[in-house]
Novice: 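I have a structure here, written as structure tokens, and I will follow up with some questions on it.
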Amino acid sequence: MRPFEYARPQTESEALDLLNDHDGNTAVLAGGTDLIALLQDDLAAPQRVVDIKHVASMRGVTADGDGIVVGALTTLEEMADDPLLADYRSLHDVVDGVRAIQIQQMGTLGGDLCHMPNCWFYRNGYGLLAMQDGESLVAGGDNRYHAILGNQGPAKFISAARFAPALIAWGAEVRVIGPDPQASEWLPLEHFFVTPKVESQGISVLKPGQLISHVRLPAVANRISSTYEVLQMEGLDWPLATAAVTIDLDRDVVREASIVMGHVAPMPWVAQEAAASLVGGTLDEVTAARAGEVAVAAATPLRDNGYKVQLAKTAVKRAVLAAAEMLEGAL
């Protein structure tokens with residue numbers, strides 16, 4: 001770990017001022033569950049680390065008109081315990097899947113959305129795109145945990161954000177502030193993530209000196225939701241494939257649906273055609289299975305990760321059935 005300055009702002013404006021020094025060669029510290037590892041492995045070498053944990057305006061859950069606003073510093077445990085989020089079942093499913101008390105207590109919503117890929121090529125210093133001498137190390141190496149969708153370009157890692165599929169399925173927005181202390185913008189979370197074509201693009205639209213301050217969710221209304229994560233271990237583990245669904249029912253008929261997959265592409269993967277296959281019908285094993293098939297129809301697995309196609313398909317089916325309270329006893 002290289003030496004760095006440490007700063008602890010109390011307000012959003014102070015945080016932005018401190019982030020914009022050193023030509024933006026700074027880093028944000030929230031829960032630290034990812035940044036500390038990046039610093040220790042010399043994958044991040046900022047001149048200043050800005051600890052934002054004491055910016056009170058960025059913590060907590062509040063009602064906002066017909067919806068809910070969640071501060072980026074809100075921990076997973078706080079989200080699980082807050083009554084305002086009680087009806088957002090798909091978010092609770094994600095918290096339940098993080099089977100480590102320490103991560104639930106320290107990990108934050110904003111930190112999860114900005115979590116860098118767990119790709120072992122990236123974590124061993126080969127960069128996001130893992131290119132060497134113009135060739136992809138992923139394509140020719142051990143790619144069993146890499147992308148099966150959206151992997152035609154140089155980026156073949158998978159997005160590590162566990163909450164992103166559920167939030168995008170809800171139509172969540174994210175508030176990005178900075179680099180100017182007065183600058184703030186709400187944008188659909190779906191538009192926050194990018195699939196980089198060059199190393200400098202990163203994994204999101206965030207520019208140096210910017211950060212996430214809040215996430216806004218629409219009202220639940222008569223929508224049902226669920227997240228299904230395929231985990232290899234019963235303890236702390238990263239999903240092999242994820243599917244999150246939000247469904248608007250009119251009696252028993254699907255009026256609207258959203259399906260977003262995670263851990264299968266360099267960014268959360270919105271499965272529009274799979275969601276459309278549910279609209280106008282009722283929910284059962286047949287329609288859920290059909291949605292799963294449609295969701296992976298365009299998959300292009302690499303040499304070692306073809307098994308993820310089946311996992312992703314199953315995750316979609318089970319997420320749909322779980323949202324409809326039909327998963328118990330299903331095939």
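No hydrogens, no waters, no symmetry mates; every other heavy atom, side chains included, goes into these values.
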Novice: Using side chain to side chain contact (heavy atoms under 4.5 Å, CB included) as the criterion, point out the one residue from I148, L149, V230 that pairs with K308.
Specialist: I148
Novice: Salt bridge check: are R59 and E78 linked by an N-O gap of less than 4.0 Å?
Specialist: yes
Novice: Is D34 salt-bridged to R123, cutoff N-O under 4.0 Å?
Specialist: yes
Novice: Which value, rounded to the nearest 0.5 Å, describes the distance between L206 atom CG and L113 atom CG?
Specialist: 10.0 Å
Novice: V95, L217: one ILVMFWY side-chain cluster at the under-4.5 Å cut-off?
Specialist: yes
Novice: Hey, are Q47 and T26 close enough side-chain-wise for a donor-acceptor pair under 3.5 Å?
Specialist: no
Novice: Are V254 and L249 packed together at the side-chain level, in the sense that at least one heavy-atom pair is separated by less than 4.5 angstrom?
Specialist: yes
Novice: Do you reckon V270 sits in the same ILVMFWY cluster as Y228, going by side-chain contacts under 4.5 Å, direct or chained?
Specialist: no
Novice: Between H92 (side chain only) and L85 (backbone N and O only), is there a donor and an acceptor less than 3.5 Å apart?
Specialist: yes
Novice: Step through the shown structure and confirm whether more than 12 heavy atoms of other residues, nucleotides or ligands are within 6.0 Å of CD1 on I101.
Specialist: no
Novice: According to a 4.5 Å side-chain heavy-atom criterion applied to Ile, Leu, Val, Met, Phe, Trp and Tyr, with indirect links allowed, do Y122 and F157 form part of one hydrophobic cluster?
Specialist: yes
Novice: Would V138 end up clustered with I158 when hydrophobic side chains under 4.5 Å apart are linked, directly or stepwise?
Specialist: no
Novice: Please answer whether the main-chain N or O of R255 pairs with a side-chain N or O of D250 as donor and acceptor at a distance below 3.5 Å.
Specialist: no
Novice: Where is the tightest heavy-atom contact between A323 and I224, given as atom of each residue plus distance?
Specialist: O-CD1, 3.4 Å
Novice: Say whether, by atom type as modelled, one donor and one acceptor occur between the side chain of Y145 and the main chain of N118 under 3.5 angstrom.
Specialist: no
Novice: Could you tell me whether R8 and D51 have a side-chain N and a carboxylate O separated by less than 4.0 Å?
Specialist: no
Novice: Donor-acceptor check, side chain of R162 to backbone of G97, threshold 3.5 angstrom: yes or no?
Specialist: yes
Novice: Does R216 offer a backbone N or O that forms a donor-acceptor pair with the side chain of E173 under 3.5 Å?
Specialist: no
Novice: List the steps and the verdict of side-chain contact (heavy atoms from CB on, under 4.5 Å) for T62 and I68.
Specialist: CA-CA 6 Å; T62 57; I68 301 293; over 6 Å; no
Novice: Spell out, as yes or no, whether a donor-acceptor pair under 3.5 Å connects the side chain of T108 to the backbone of L73.
Specialist: no
Novice: Heavy-atom count check: over 12 atoms from other residues, nucleotides or ligands less than 6.0 Å from D252 CG?
Specialist: no
Novice: Using atom types as modelled and distance alone, determine if a side-chain donor or acceptor of Q232 lies under 3.5 Å from a backbone N or O of P239.
Specialist: no
Novice: Would you find a donor on one side and an acceptor on the other, under 3.5 Å apart, between the side chain of Q201 and the backbone of V198?
Specialist: yes
Novice: Is a side-chain N or O of D41 found less than 3.5 angstrom from the main chain of L43, in a donor-acceptor match?
Specialist: no
Novice: In this structure, would V176 and I168 fall into the same cluster of hydrophobic residues linked by side-chain contacts under 4.5 Å?
Specialist: yes
Novice: Is the closest side-chain heavy-atom distance between S136 and L129 below 4.5 Å?
Specialist: no
Novice: Does P46 reach the side chain of L39, with side-chain heavy atoms less than 4.5 Å apart?
Specialist: yes
Novice: D248 side chain to E256 main-chain N or O, any donor-acceptor pair under 3.5 Å?
Specialist: no
Novice: So do H54 and P9 actually touch side chain to side chain, heavy atoms under 4.5 Å?
Specialist: no
Novice: Going by the rule salt bridge (Lys or Arg N to Asp or Glu O under 4.0 Å), which residues pair with E5 if we only count those two or more places apart in sequence or in a different chain?
Specialist: R48
Novice: To the nearest 0.5 Å, tell me how far T195 OG1 sits from M267 CE.
Specialist: 5.0 Å
Novice: So with a 6.0 Å cut-off around CZ of F4, is the heavy-atom count from everything else above 12?
Specialist: yes
Novice: Is it the case that R223 places NZ or CZ above or below the six-membered ring of W170, under 6.0 angstrom from the centre and within 45 degrees of the axis?
Specialist: no
Novice: Measure the shortest side-chain to side-chain distance between P181 and D17 over non-hydrogen atoms and say whether it is less than 4.5 angstrom.
Specialist: yes
Novice: Does the pair K313/E293 count as a salt bridge with the N-to-O cut at 4.0 Å?
Specialist: yes
Novice: Can you check ring-ring contact (aromatic ring centres under 6.0 Å, His included) on W269 and H263, steps first, answer last?
Specialist: CA-CA 9 Å; W269 193 262; H263 297 87; over 10 Å; no
Novice: Does one side chain, of D284 or T287, offer a donor that lies under 3.5 Å from an acceptor on the other?
Specialist: yes
Novice: Could you tell me if S277 and E273 have a donor-acceptor pair between their side chains, going purely by distance under 3.5 Å?
Specialist: no
Novice: Do the side-chain N and O atoms of R89 and S225 include a donor-acceptor pair separated by under 3.5 angstrom?
Specialist: no
Novice: Check D237 with R99, please: is the shortest side-chain N to carboxylate O separation under 4.0 Å?
Specialist: no
